[in-house]
S.K.: 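Take this structure, written in structure tokens, and hold onto it; I'll ask about it next.
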Amino acid sequence: MAVSEEQDYVKHITKMSVDFDKWYTDVVRKAELADYAPIAGTMVLRPLGTATWDAIRRAFDDLIAESGHENWIFPLLIPEDVFMKEAEHVEGFAPEVAWVTRGGKEELAVPLVVRPTSETIIGTIVRKYIQSHRDLPLLTNQWANVVRWEMRTRLFLRSREFYWQEGHTFHATPEDAQSEVLQILDNYREIAEDWLAVPVIPGRKTEVEKFAGAQFTNSIEGMMRDGLALQMGTSHYFGQNFSTAYDIGFTNRENRRELCYTTSWGISWRLIGGLVMAHGDDSGLVMPPRVAPVQAAIVPIFRDEEGRESVSRFLTPITAALKGRVRHRVDWRDSRPGDKYAHWEVRGVPFRIEAGPRDVEAGQVVLVDRLSREKRPVPAARLADRLVDELKAYHEALFERARRFHAEHTTHPQTKQEFRDFFENGNGFAWAAFCDRTECELELKDQLGGVTARNKPFKVDGDFPDRCVWCERAATTVAVFARAY
RNA sequence: CGGGCGGUAGCUUAGCCCGGUAAAGCGCCUGGUUUGGGACCAGGAGAUCGCGAGUUCGAAUCUCGCCCGCCCGACCA
């Protein structure tokens with residue numbers, strides 16, 4: 001049934017087609033994922049957002065545990081002199097660092113920076129645990145909050161304090177470190193695609209976009225429903241940049257001292273913003289089922305106390321069968337069914353189960369999914385099995401929908417004119433031949449209103465011209481261009 | 001950080017220009033009636049008008065400073 005304008009107004013969710021940015025903010029707040037906090041540029045993660053982040057966290061933690069990574073907890077504060085050792089890194093982060101200069105009433109002799117990322121302090125700390133090649137690789141990870149004094153903030157996507165995981169690893173050889181970087185990037189791809197149902201492009205960052213202090217940076221890039229790119233995870237190779245600055249060495253098999261090859265990598269709660277913008281619609285959130293805190297909301301329908309008890313008895317074996325298999329919630333709140341439908345819809349719950357007198361009579365429930373809203377009767381005894389299958393299919397459908405959108409908003413311009421036209425008339429991804437020169441990328445960014453090379457994809461199909469799509473010099477690579485968050 | 005706009009009940013806003021101690025819808029509470037797509041009726045609670053100072057007999061309203069948000073720019077692993 002179509003939703004009237006008046007009802008929309010009551011819900012206070014701006015339509016995506018009217019103003020995408022406003023729609024996004026409305027959804028995040030009305031779905032109660034997160035809200036603004038009273039400190040500029042910071043936010044509070046509400047229970048739905050926290051549960052979603054926890055689900056992502058568990059999924060990734062399991063993945064990296066399998067490959068031998070261990071969680072640590074490192075300090076929040078970094079002494080200035082420790083922070084300042086790697087020049088490029090300092091230059092990249094200095095403008096957005098928050099400082100602690102006082103403890104109680106005393107001015108600190110050495111000011112402390114609130115970590116914007118932890119390469120420097122972790123390097124400083126773990127160097128003493130690394131003596132021999134036998135101590136390598138050392139594979140650390142921490143789940144933490146960091147602070148970056150951003151000028152322009154946005155819920156989940158760019159906040160002054162954010163939660164993430166940062167992995168920091170130390171290796172005996174460049175090959176080992178580089179394969180770590182690739183392996184983690186593939187773990188990130190798995191989180192994005194298999195858990196969040198967002199198709200992504202893995203690739204190598206250009207010099208303009210790489211991490212401050214890295215030799216190279218890899219990323220996965222996803223497309224939001226406004227055609228903008230979102231960097232959903234990055235994985236950096238430092239070579240010996242940090243181990244030189246922080247003197248992180250080991251004794252190799254030849255009994256000679258050598259410096260470690262290091263990496264770092266991170267995903268943040270930005271992924272939640274990503275799933276909102278990749279899947280949401282004018283009714284609110286659409287949660288990917290594998291991370292959805294509630295996968296099925298059960299709405300009991302009854303007229304009186306007797307009816308209530310009858311539905312309750314009917315539901316007892318049903319919820320018992322769902323236990324441990326499907327994350328569900330029975331909505332006994334004292335309000336009308338329609339109100340409950342809307343409640344769970346805004347929150348993006350994949351499935352709704354209606355159970356009323358007619359269902360009790362027939363020994364069935366009515367299953368409704370968030371995407372099609374079609375009502376389908378399911379025998380009560382088969383609900384659990386059915387839902388497990390439906391959740392899988394729902395994930396596939398979501399992923400497929402996002403994949404199709406991504407494909408429909410992707411182009412392969414052959415000429416500079418086609419390239420210009422594409423970005424002057426809208427947004428999306430443009431795969432094009434590229435000279436990979438910084439000057440060229442900066443020029444096109446300037447002239448095309450913020451278009452940048454998101455990355456140079458690892459996998460490129462088809463033929464591309466041998467001239468750069470922008471400067472028309474010899475092309476050395478293929479890059480995906482887009483405006484980005 | 002520069003330019004512009006805004007902040008009034010939990011939410012969305014009116015009132016501000018032209019000063020006289022705050023209003024509506026939604027939400028919330030109680031009772032009744034209802035319940036398969038955001039119900040209805042009646043009653044009720046809820047606001048130091050973002051914070052602070054100033055002008056004034058009197059400030060939501062005028063002035064100044066600060067805080068928070070939005071848009072544009074600069075900036076942005």
Side-chain angles (χ1 to χ4, degrees), chain A residues 1-4 6-14 19 21-22 24-26 29-30 32 35-43 88-97 115-119 146 148-155 157-160 162 164 166 205 207-214 216-219 231-238 264-268 270 283-284 299-305 307-308 311 331 333-346 352-362 365-366 368 373 375 377 445-446 449-450 452 484-485:
Chain A
M1 179 188 265
V3 191
S4 78
E6 195 176 338
Q7 283 172 317
D8 268 355
Y9 180 71
V10 171
K11 284 192 301 191
H12 298 302
I13 293 180
T14 307
D19 184 337
D21 295 347
K22 231 171 164 336
Y24 171 75
T25 304
D26 284 350
R29 301 181 73 189
K30 300 302 167 192
E32 300 183 352
D35 203 355
Y36 296 111
I39 299 92
T42 66
M43 55 183 243
E88 249 186 82
H89 186 71
V90 170
E91 196 188 332
F93 281 101
E96 51 187 77
V97 157
R115 63 183 169 212
T117 179
S118 304
E119 280 76 7
V146 292
R148 297 181 188 181
W149 220 249
E150 301 285 358
M151 282 308 155
R152 197 164 168 188
T153 59
R154 201 140 200 275
L155 292 169
L157 305 183
R158 178 165 290 113
S159 45
R160 284 186 171 170
F162 61 91
W164 73 345
E166 49 179 325
K205 284 289 191 186
E207 285 301 303
V208 174
E209 298 282 325
K210 79 170 190 191
F211 180 82
F216 64 76
T217 290
N218 293 338
S219 75
Q231 177 177 298
M232 296 178 70
T234 49
S235 182
H236 318 287
Y237 174 65
F238 295 130
S264 84
W265 26 274
I267 49 175
S268 76
R270 164 182 267 207
S283 300
V299 178
I301 297 158
F302 50 88
R303 292 172 182 277
D304 49 27
E305 193 50 36
R308 180 192 162 98
V311 178
D331 190 350
R333 290 175 308 142
D334 181 21
S335 66
R336 294 159 60 95
D339 182 52
K340 296 178 183 179
Y341 300 166
H343 176 90
W344 295 108
E345 232 158 63
V346 177
R352 176 174 84 233
I353 291 149
E354 305 174 10
R358 297 204 294 266
D359 302 306
V360 174
E361 182 94 8
V365 295
V366 174
V368 189
R373 292 190 172 92
K375 300 198 175 200
K445 179 179 181 181
D446 181 57
T452 52
Y485 278 101

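Chain identifiers are assigned alphabetically (A, B, ...) following the order of the sequence lines, protein sequences preceding nucleic acid strands; residue numbering begins at 1 within each chain. Just so it is clear, the structure is predicted and the values come from calculations on it, not from any experiment.
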S.K.: Between the side chains of Glu166(A) and Ser118(A), does any donor sit under 3.5 Å from an acceptor?
M.R.: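 The criterion, which ignores hydrogens and geometry beyond distance, is satisfied for Ser118(A) and Glu166(A).
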S.K.: Angle between ring planes, Phe162(A) versus Trp164(A), binned at 30° and 60°: parallel, tilted or perpendicular?
M.R.: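 It falls in the perpendicular class, over 60°.
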S.K.: Whole-Å distance between G36(B) P and Asp331(A) CG?
M.R.: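 The distance from CG of Asp331(A) to P of G36(B) comes to 14 Å, rounded to the nearest Å.
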S.K.: Return the nearest nucleotide to the side chain of Arg148(A); candidates are C76(B), A77(B), G36(B).
M.R.: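 Given the options C76(B), A77(B), G36(B), the side chain of Arg148(A) is closest to A77(B).
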S.K.: Under 4.0 Å between any heavy atoms, over every strand shown, what does Glu354(A) touch: base, sugar-phosphate, or nothing? Just pick one.
M.R.: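 Glu354(A): base contact, heavy atoms under 4.0 Å.
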S.K.: Once you apply the 3.5 Å cut-off to both distances, tell me the Watson-Crick or G-U wobble partner of C70(B), or none.
M.R.: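 When the pairing criteria are applied, G4(B) turns out to be the nucleotide that pairs with C70(B).
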S.K.: Could you tell me the Watson-Crick or G-U partner of U35(B), where both distances fall under 3.5 Å? Say none if there is no partner.
M.R.: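 Here U35(B) is not engaged in any pair, so there is no nucleotide opposite it.
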S.K.: Does A22(B) pair with anything, Watson-Crick or G-U wobble, both distances under 3.5 Å, and if so, with which nucleotide?
M.R.: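 Paired with A22(B), as far as the under-3.5 Å criterion goes, is no nucleotide at all.
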S.K.: Check whether more than 12 heavy atoms from other residues, nucleotides or ligands sit under 6.0 Å from atom CZ of Arg303(A), and answer yes or no.
M.R.: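 No.
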S.K.: Quick check for you: among C11(B), A77(B), C68(B), whose closest atom lies nearest to any side-chain atom of Ala40(A)?
M.R.: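 Nearest listed nucleotide: C68(B).
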S.K.: When both hydrogen-bonding distances must be under 3.5 Å and the geometry is Watson-Crick or G-U wobble, what is C62(B) paired with, if anything?
M.R.: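 Per the H-bond distance test, G54(B).
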S.K.: Considering Watson-Crick and G-U wobble pairs with both distances under 3.5 Å, what does U30(B) pair with?
M.R.: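 Across all strands, the one nucleotide that pairs with U30(B) is A42(B).
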S.K.: Between G37(B), C71(B), C11(B), spot the one nearest the side chain of Tyr341(A), thanks.
M.R.: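 Nearest listed nucleotide: G37(B).
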S.K.: Can you tell me whether the side chain of Arg352(A) and the base of G36(B) have a donor-acceptor pair closer than 3.5 Å?
M.R.: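 Flag unset: no donor-acceptor pair detected.
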S.K.: For the side chain of Val366(A), counting heavy atoms from C-beta on, which of G36(B), C76(B), C11(B) is nearest?
M.R.: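 For the Val366(A) side chain, the nearest candidate turns out to be G36(B).
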S.K.: Select one nucleotide: of C76(B), U35(B), A77(B), the one nearest the side-chain heavy atoms of Arg336(A).
M.R.: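 When the side chain of Arg336(A) is considered, U35(B) is the closest of C76(B), U35(B), A77(B).
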S.K.: Look at all strands and tell whether Pro95(A) reaches a base, only sugar-phosphate, or nothing, counting heavy atoms closer than 4.0 Å.
M.R.: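 The answer is nothing, as Pro95(A) stays clear of every strand by at least 4.0 Å.
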S.K.: Rounded to whole angstroms, how far apart are CG on Asp339(A) and P on G36(B)?
M.R.: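 Interatomic distance, CG of Asp339(A) to P of G36(B): 11 Å.
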S.K.: Given A74(B), A77(B), A39(B), identify the nucleotide with an atom nearest to the side chain of Arg152(A).
M.R.: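 Looking only at side-chain atoms, Arg152(A) lies closest to A74(B).
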S.K.: Would you classify Lys340(A) as touching base, sugar-phosphate or nothing, given that sugar-phosphate means primed atoms plus P, OP1 and OP2, and contacts are heavy atoms under 4.0 Å?
M.R.: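 Here Lys340(A) touches no strand at all.
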S.K.: Across the strands shown, which category fits Glu96(A) at heavy-atom distances under 4.0 angstrom: base, sugar-phosphate, nothing?
M.R.: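 Answer is sugar-phosphate: Glu96(A) comes under 4.0 Å of backbone atoms only.
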S.K.: So among Phe216(A), Phe238(A), Trp265(A), which one has a ring pair (Phe, Tyr, Trp, His ring centres under 6.0 Å) with Phe211(A)?
M.R.: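 The option that passes is Phe238(A).
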S.K.: So if I take every side-chain heavy atom of Arg303(A) and compare against A77(B), U35(B), A74(B), which nucleotide ends up nearest?
M.R.: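 Nearest to the side-chain atoms of Arg303(A), counting from C-beta on, is U35(B).
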S.K.: Whole-Å distance between G69(B) C1' and Asp19(A) CG?
M.R.: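 Between C1' of G69(B) and CG of Asp19(A): 15 Å.
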S.K.: Has the side chain of Asp359(A) got a donor or acceptor that lies under 3.5 Å from a partner of the other kind on the base of G36(B)?
M.R.: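 Donor-acceptor pair under 3.5 Å: yes.
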S.K.: Of the non-hydrogen atoms in Arg154(A) and Asp21(A), which two are nearest, and what is the gap between them?
M.R.: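 Nearest heavy atoms, Arg154(A) then Asp21(A): NH2-OD1, 3.1 Å.
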S.K.: Which of these nucleotides, A77(B), U35(B), C72(B), is closest to any side-chain atom of Phe162(A)?
M.R.: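 When the side chain of Phe162(A) is considered, A77(B) is the closest of A77(B), U35(B), C72(B).
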S.K.: Using a cut-off of 4.0 Å on non-hydrogen atoms, how would the nucleic acid contact of Arg270(A) be classed: base, sugar-phosphate, or nothing?
M.R.: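 No contact.
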S.K.: Without decimals, in angstroms, what is the distance between Asp304(A) CG and U33(B) C1'?
M.R.: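 Between C1' of U33(B) and CG of Asp304(A): 14 Å.
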S.K.: Between C71(B), G69(B), U35(B), which nucleotide gets closest to the side-chain atoms of Tyr36(A)?
M.R.: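 Of the candidates, G69(B) comes closest.
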S.K.: At 4.0 Å (heavy atoms only), tell me whether Thr117(A) reaches a base, stays on the sugar-phosphate, or touches nothing.
M.R.: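 Nothing, no heavy atom under 4.0 Å.
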S.K.: Tell me what Gly356(A) touches on the nucleic acid: a base, only sugar-phosphate, or nothing, going by heavy atoms under 4.0 Å.
M.R.: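 Here Gly356(A) touches the bases of the nucleic acid.
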S.K.: Classify Gly450(A) by what it touches in the nucleic acid, base, sugar-phosphate, or nothing, heavy-atom distance under 4.0 Å.
M.R.: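 If one applies the 4.0 Å heavy-atom cut-off, Gly450(A) turns out to touch nothing in the nucleic acid.
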S.K.: Report the distance from atom NZ of Lys210(A) to atom P of A77(B), rounded to the nearest whole Å.
M.R.: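 Distance, rounded to whole Å: 12 Å.
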S.K.: When you measure from the side chain of Trp164(A), which nucleotide among A74(B), C71(B), A77(B) comes out closest?
M.R.: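 Taking heavy atoms from C-beta onward, the closest nucleotide is A77(B).
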S.K.: Return yes if a side-chain donor-acceptor contact under 3.5 Å exists between Glu119(A) and Ser264(A), otherwise no.
M.R.: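 A pair is found: one side chain offers a donor N or O, the other an acceptor, under 3.5 Å apart.
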